[in-house]
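No hydrogens, no waters, no symmetry mates; every other heavy atom, side chains included, goes into these values. We number each residue from 1, following the sequence as shown. The model shown is predicted, which means the values in this text are computed figures rather than measured ones.
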Amino acid sequence: MARYLISFNNGAMDIPEEDLPEVSRAAHAVVQETKDAGVFVFTGGLPLDPEYDVVATDGTITDGPYPESKEFIGGMMVLDVPTREAALEWAAKIAVSCRCAQDVREFLPDPAVE
């Protein structure tokens, strides 16, 4: 099994306010489906206007984000699936439910911490 990050960028869910309850129901249904399939690890959304800090290697703390950053994760789900194809299939379901494209990236395994 491999873990995949399925995410969308902040602002990608550009949907009318009146559609939010339907989108929420559809997204929660996909989350439940991943739980029922035993592949769910974690999911969550991030604020549209994130307030966060950047901690440098020397411990210096500055207000984030980096100025050159143009895109930020708006929401994500981590799944533990057997293949990349399976991750892409789940991403397609998530894209339909959230009404926006999804990025799919595999986490690199680290045997030292598993």
Side-chain angles (χ1 to χ4, degrees):
M1 299 286 271
R3 290 192 172 173
Y4 286 85
L5 172 68
I6 300 172
S7 63
F8 59 89
N9 288 332
N10 187 346
M13 287 183 70
D14 186 20
I15 56 175
E17 181 94 17
E18 62 271 10
D19 290 351
L20 286 177
E22 180 183 335
V23 170
S24 179
R25 278 191 298 278
H28 288 132
V30 174
V31 170
Q32 187 59 53
E33 189 178 349
T34 64
K35 288 179 177 182
D36 293 344
V39 298
F40 178 83
V41 176
F42 176 82
T43 192
L46 299 170
L48 292 178
D49 295 316
E51 180 180 322
Y52 59 91
D53 300 306
V54 176
V55 181
T57 56
D58 66 0
T60 303
I61 301 171
T62 57
D63 291 338
Y66 289 113
E68 64 272 10
S69 297
K70 291 183 175 66
E71 295 181 345
F72 306 97
I73 293 177
M76 64 176 191
M77 183 180 295
V78 178
L79 301 179
D80 194 6
V81 293
T83 64
R84 180 170 188 78
E85 290 72 26
L88 294 172
E89 289 173 11
W90 284 111
K93 291 180 182 189
I94 296 166
V96 169
S97 71
C98 292
R99 300 183 187 178
C100 63
Q102 302 292 308
D103 295 329
V104 178
R105 299 181 70 185
E106 182 177 6
F107 281 98
L108 297 175
D110 184 348
V113 295
E114 290 192 25

For a quick test of your reading: what N or O donor-acceptor pairs under 3.5 Å do the side chains of residues 98-109 make, sequence neighbours left out?
residue, atom, partner, partner atom, Å
Arg99, NH1, Asp19, OD2, 2.9
Arg99, NH2, Glu22, OE2, 3.0
Gln102, NE2, Cys100, O, 3.2

Which residues share a side-chain contact (heavy atoms from CB on, under 4.5 Å) with Thr62, sequence neighbours left out: Val54, Thr60
Could you pull out all residues at least two apart from Asp53 that satisfy side-chain contact (heavy atoms from CB on, under 4.5 Å)? Ile61, Asp63
Which atom names give the shortest non-hydrogen contact between Leu79 and Phe40, and what distance separates them? CD2-CA, 3.9 Å
Could you pull out the closest heavy-atom pair between Ile6 and Ala87, with the gap in Å? CD1-O, 3.7 Å
Under a single-linkage definition using a 4.5 Å side-chain heavy-atom cutoff for Ile, Leu, Val, Met, Phe, Trp and Tyr, are [X] and [Y] assigned to the same hydrophobic cluster?
X	Y	value
Val39	Leu88	yes
Phe8	Val23	yes
Tyr4	Phe42	no
Val30	Val96	no

Got a sec, which pairs hit side chain to side chain donor-acceptor pair (under 3.5 Å) with one end in residues 79-88, sequence neighbours left out? none
What pairs of residues pass the side chain to side chain donor-acceptor pair (under 3.5 Å) test when at least one of them lies in residues 25-42, not counting sequence neighbours? Ser24-His28, Gln32-Asp36, Glu33-Lys93
Checking Thr43 side chain against Met76 main chain: does a donor-acceptor pair fall under 3.5 Å? yes
